[in-house]
Each structure stands twice: as structure tokens, then as C-alpha cells.
Amino acid sequence: MSIRVAQFAPGRMFHALADRQDLIERLVRVSNGRATSDSVVASFFAPGVTLWAIIEDDALAGLAVTTTAMYAGGSAVRVLDVVTDQGVYERHAPELFAHLEAYARAIGARWVDFEGRPGWIDWAKQAGFKARRVVFTKEVAS
């Protein structure tokens, strides 16, 4: 089983998502009524938003959505949403976050951060994140 994480090229987005409307619908469901399919797709084109493909065995198995957030001490790659096929996140979260950390370093961001449910605390701590309020933060600058 192989995993790849790749940044979507805007021109390839609709082609890649055409067969995976279910991933968009799952993002709509987790929005608790704040989003529609159209608004989710439109948000992928918002300034500062980056869409990532999680590819398992050459098939699109998930999406990660990030933005760059500015804080007093520097910038962060903020993970807004991750939606995957059953079990993909659990199997490949380390690879996903390693890729996002490399991206953060490449753009000069100091941190990668995300909000998560309480069940992620143990994994986040093992991965080097520190709980600060309700946001998990990991410094990626050297």
C-alpha cells in the first residue's frame, strides 16, 4: 500500500474531484449546516487556501484543506479540514503531517496547527504537537 500527498493544481481540481463527490458531501456534513457542495468547492479557490490530495494506491482517498494563518510570532499552515476514506487518516496521518510540515518550512511558516477532537490528543502528543487552548501546534521552522 502506497500513500502520496500532493498539492492540487487548480486546473486539475474538477477533473480529480469528479469521481469523488462523496468526499465533498462528507465535508458538507461535518460543516453542521454551514456549507453546501457549491460553497465547499468555491472555498477551495479562496485566497490563501491550498487543497491537498491524499492518494492511496493511485486512487484519490482523501482531501486536506489548509490555509496560512498569521500570528504575532510568525505564520502557520493551518489545517482546516481533512476528509478521507475509512481508515486512511488513521493509517497515514504521519505521512500527511510530514508533508504539511515540509510545505510549511518551504513557505517560511513557523508552525503547522489544527483543531481536533479530544480523541486525537494522544496521537498529537506522540507526533510532537502541543495542546494550546483547543488548537494543536507543532513548530516546523529550524
Side-chain angles (χ1 to χ4, degrees), residues 1-32 34-71 73-142:
M1 183 178 323
S2 67
I3 183 77
R4 282 187 301 129
V5 178
Q7 187 175 353
F8 269 101
R12 303 268 310 141
M13 192 176 306
F14 289 114
H15 173 74
L17 295 177
D19 294 333
R20 293 307 314 263
Q21 183 65 26
D22 61 309
L23 294 173
I24 304 298
E25 293 304 321
R26 287 179 57 202
L27 285 171
V28 170
R29 281 195 301 279
V30 299
S31 78
N32 295 319
R34 294 181 309 235
T36 65
S37 295
D38 289 342
S39 69
V40 166
V41 172
S43 73
F44 296 158
F45 294 96
V49 170
T50 303
L51 182 65
W52 303 89
I54 302 167
I55 303 162
E56 187 175 61
D57 294 334
D58 295 323
L60 180 63
L63 303 172
V65 184
T66 63
T67 192
T68 303
M70 298 304 294
Y71 297 111
S75 62
V77 171
R78 172 158 270 243
V79 181
L80 301 175
D81 284 301
V82 176
V83 60
T84 66
D85 289 339
Q86 184 78 27
V88 171
Y89 185 79
E90 290 82 5
R91 288 192 302 273
H92 301 299
E95 292 97 333
L96 170 62
F97 278 89
H99 193 85
L100 296 177
E101 289 170 32
Y103 172 71
R105 283 186 203 94
I107 66 168
R110 187 170 175 191
W111 300 281
V112 170
D113 66 24
F114 69 98
E115 294 181 17
R117 59 182 176 78
W120 295 352
I121 291 173
D122 288 341
W123 176 86
K125 285 181 180 178
Q126 290 173 1
F129 287 85
K130 297 177 184 173
R132 295 189 176 153
R133 298 189 191 109
V134 296
V135 177
F136 296 96
T137 303
K138 180 179 182 181
E139 189 161 349
V140 296
S142 32

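Just so it is clear, the model here is predicted, and its values are computed rather than measured. Both backbone and side-chain heavy atoms feed into the values below; hydrogens, waters and symmetry mates do not. Sequence positions, counted from 1, serve as the residue numbers for this chain.
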Nearest 0.5 Å, what's the CG-CG distance between L60 and L17?
-> 6.5 Å

Starting from the C-alpha separation in whole Å, work towards a yes-or-no answer on salt bridge (charged side-chain N to carboxylate O under 4.0 Å, His left out) for E115 and R78.
-> CA-CA 9 Å; E115 294 181 17; R78 172 158 270 243; 3.3 Å; yes

4.5 Å side-chain heavy-atom contact, V65 and V79 | no

4.5 Å side-chain heavy-atom contact, L100 and T66 | yes

Distance col, row I55:CD1 vs S2:OG, nearest 0.5 angstrom, shows 9.0 Å

Does the pair R105/E101 count as a salt bridge with the N-to-O cut at 4.0 Å?
-> yes

Take Y89 and F114 through the ring-ring contact (aromatic ring centres under 6.0 Å, His included) test and state the conclusion after the steps.
-> CA-CA 14 Å; Y89 185 79; F114 69 98; 8.2 Å; no

Of all heavy-atom pairs linking V40 and A35, the shortest is CG2-CB, 3.8 Å

How many angstroms lie between NE2 in H99 and CH2 in W52, if you round to the nearest 0.5 Å?
-> 4.5 Å

How long is the gap from CZ on R26 to CG on D81, to the nearest 0.5 Å?
-> 11.0 Å

Which atom of A76 lies closest to which atom of D113, heavy atoms considered = CB-OD2, 3.9 Å

Nearest heavy-atom contact between S75 and G108 is OG-O, 3.9 Å

With sequence neighbours excluded, tell me which residues meet side-chain contact (heavy atoms from CB on, under 4.5 Å) with V88.
-> I54, E56, A61, T84, D85, R91, H92

Compute the centroid of each ring, for F129 and then for W111, and state whether the two points are separated by less than 6.0 Å.
-> no

